[in-house]
Amino acid sequence: MISQQIGVGVFEDPNRITASIARYTALHIQEHELCVYTDPTIAETVSFPCSVNAVPQPEQALVDDLYSGRICAAVRGTLPSRSTLSYLKKVSGCGSLERIVLLETPDGHLFFMGPVGVDEGYTISEKEALAKRGRTFAEAFSLSSLVGVLSGGRHDDYGRHARVDASLDDARELSRRLGATDFGVLIEDAVRECGFIVAPDGISGNLIFRTLVLVGGGCSHGAPVGNLDRIFIDTSRANPDYVRSFVLAGKLSMSGLFVDQ
């Protein structure tokens, strides 16, 4: 029997996670239960409204249980990024992680985007592979199948700077390979038309994410790692709320995208 339990990592700011779990529970989503992975010190001082796995290295326990099948999905929550993702790479045997974030504008418009990790998406081939997965995610969530490719300028900015020219060239070639639409720098048009948006590189994607979510009043539903055969939702420790990430993990577990679980 496949587990219907979602693991949630807790390290920093445990009360924020506790409040999110309470709000998720109040939604009466019966398909999935939550289980917190944290260290014994936090478990002794915080009352979590769900089951708790308190161990000295909770990030390792979370990943191990994901790959053993004890949980159907994992949400990083507030566990440290470096140690958690490094261990995920080790257990999965994946040299790099391709994260695809589900974002929502202040007026409720949803779209997937990548790359969002600062060390991701620096070659056309990397972005091509990411975009193909991103299109599949968008279609599974009944979003537009159109892929939008962004670059460092408008099309008529060509010739203003070598880096702008290189970015425009990459976007043109990527769009040709994918049969996608090259929007140049016009992200405001891309988010209205596309289910998946390709940022010029991981730094740009990370800045877009942080600007929308932490400055612009939008929100993040979390960033599933697209090139794994397990459901791992990466989250920003700056997220004010994790309910959307719990819901996303549950939807992905029933989506059929991760058929090798």
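These numbers come from a predicted model, not from an experiment. Just so it is clear, the values below take in all heavy atoms, side chains as well, and ignore hydrogens, waters and symmetry mates.
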Undergrad: Without hydrogens or angle criteria, can the side chains of Asn15 and Thr18 be said to hold a donor-acceptor pair below 3.5 Å?
TA: no
Undergrad: Does Arg23 CZ have over 12 foreign heavy atoms under 6.0 Å away?
TA: yes
Undergrad: Strictly distance-based, threshold 3.5 Å: is any side-chain N or O of Asn227 a donor or acceptor partner for the main-chain N or O of Ser96?
TA: yes
Undergrad: Apart from Val164 itself, what residues make up its hydrophobic cluster when side-chain heavy atoms of I, L, V, M, F, W and Y under 4.5 Å apart count as a link, directly or indirectly?
TA: Tyr158, Leu168
Undergrad: May I ask you to test the Tyr87-Asp64 pair for a side-chain heavy-atom distance under 4.5 Å?
TA: yes
Undergrad: Test Phe137 against Leu252 for side chain to side chain contact (heavy atoms under 4.5 Å, CB included), laying out the working first.
TA: CA-CA 9 Å; Phe137 273 64; Leu252 285 173; 4.0 Å; yes
Undergrad: With the side chain counted from C-beta on, respond yes when Ile208 and Leu150 share a heavy-atom pair under 4.5 Å apart, and no when they do not.
TA: yes
Undergrad: With heavy-atom distances below 4.5 Å as the criterion, would you say the side chains of Leu103 and Val191 are in contact?
TA: no
Undergrad: Between Phe48 and Leu34, is there a side-chain heavy-atom distance shorter than 4.5 Å?
TA: no
Undergrad: Would you find a donor on one side and an acceptor on the other, under 3.5 Å apart, between the side chain of Asp201 and the backbone of Gly121?
TA: no
Undergrad: Check whether Arg76 reaches the backbone of Leu79 with its side chain - one donor and one acceptor, N or O, closer than 3.5 Å.
TA: yes
Undergrad: Between Glu173 and Arg177, does a salt bridge (charged side-chain N to carboxylate O under 4.0 Å, His left out) hold up when you go through it step by step?
TA: CA-CA 6 Å; Glu173 173 61 17; Arg177 293 188 189 186; 3.0 Å; yes
Undergrad: Do Arg172 and Asp182 meet the salt-bridge criterion of a basic N to acidic O distance under 4.0 Å?
TA: no
Undergrad: Which heavy atom in Ser92 sits nearest to a heavy atom in Tyr67, and how many Å separate them?
TA: CB-OH, 3.1 Å
Undergrad: For Ser20 and Val243, work out which heavy atoms get closest and say how close.
TA: O-CG2, 3.3 Å
Undergrad: Mark yes when over 12 heavy atoms from residues, nucleotides or ligands other than Arg70 sit less than 6.0 Å from its CZ; otherwise mark no.
TA: no
Undergrad: Please check if the side chain of Ser68 supplies one atom and the backbone of Asp65 the other of a donor-acceptor pair under 3.5 Å.
TA: yes
Undergrad: When you check the gap from the basic side-chain N to the acidic O, do Lys132 and Glu128 get nearer than 4.0 Å?
TA: yes
Undergrad: Closest approach of Glu120 and Leu97, non-hydrogen atoms and distance?
TA: OE2-O, 3.0 Å
Undergrad: Any side-chain heavy atom of Leu85 sitting closer than 4.5 Å to one from Arg99?
TA: yes
Undergrad: Leu62 and Val75: which non-hydrogen atoms are nearest, and at how many Å?
TA: CD2-O, 4.0 Å
Undergrad: Does the side-chain hydrogen bond (donor to acceptor under 3.5 Å, both in side chains) test come out yes or no for Ser167 and Asp170, once each step is laid out?
TA: CA-CA 5 Å; Ser167 178; Asp170 283 358; over 6 Å; no
Undergrad: Residues in side-chain contact (heavy atoms from CB on, under 4.5 Å) with Thr211, at least two apart?
TA: none
Undergrad: Run the side chain to side chain contact (heavy atoms under 4.5 Å, CB included) check on Phe111 and Thr105 step by step: do they pass?
TA: CA-CA 9 Å; Phe111 63 97; Thr105 62; 4.0 Å; yes
Undergrad: Does a side-chain heavy-atom distance below 4.5 Å link Phe112 with Arg133?
TA: no
Undergrad: Is the count of non-hydrogen atoms from other residues, nucleotides or ligands lying under 6.0 Å from Arg192 atom CZ greater than 12?
TA: yes
Undergrad: Could you tell me whether the side chain of Tyr242 reaches within less than 4.5 Å of the side chain of Ile233, counting heavy atoms only?
TA: no
Undergrad: So which atom in Lys251 and which in Phe141 form the shortest heavy-atom distance, rounded to 0.1 Å?
TA: CD-CE2, 4.0 Å
Undergrad: Using side-chain heavy atoms (C-beta onward) and a distance below 4.5 Å, is Thr25 in contact with Cys50?
TA: no
Undergrad: Would you find a donor on one side and an acceptor on the other, under 3.5 Å apart, between the side chain of Thr78 and the backbone of Phe11?
TA: yes
Undergrad: Considering non-hydrogen atoms only, spot the tightest contact between Cys72 and His32 and give its length.
TA: SG-CD2, 3.7 Å
Undergrad: Rounded to the nearest 0.5 Å, what's the gap from CD on Glu33 to CD1 on Ile71? Could you check?
TA: 13.0 Å
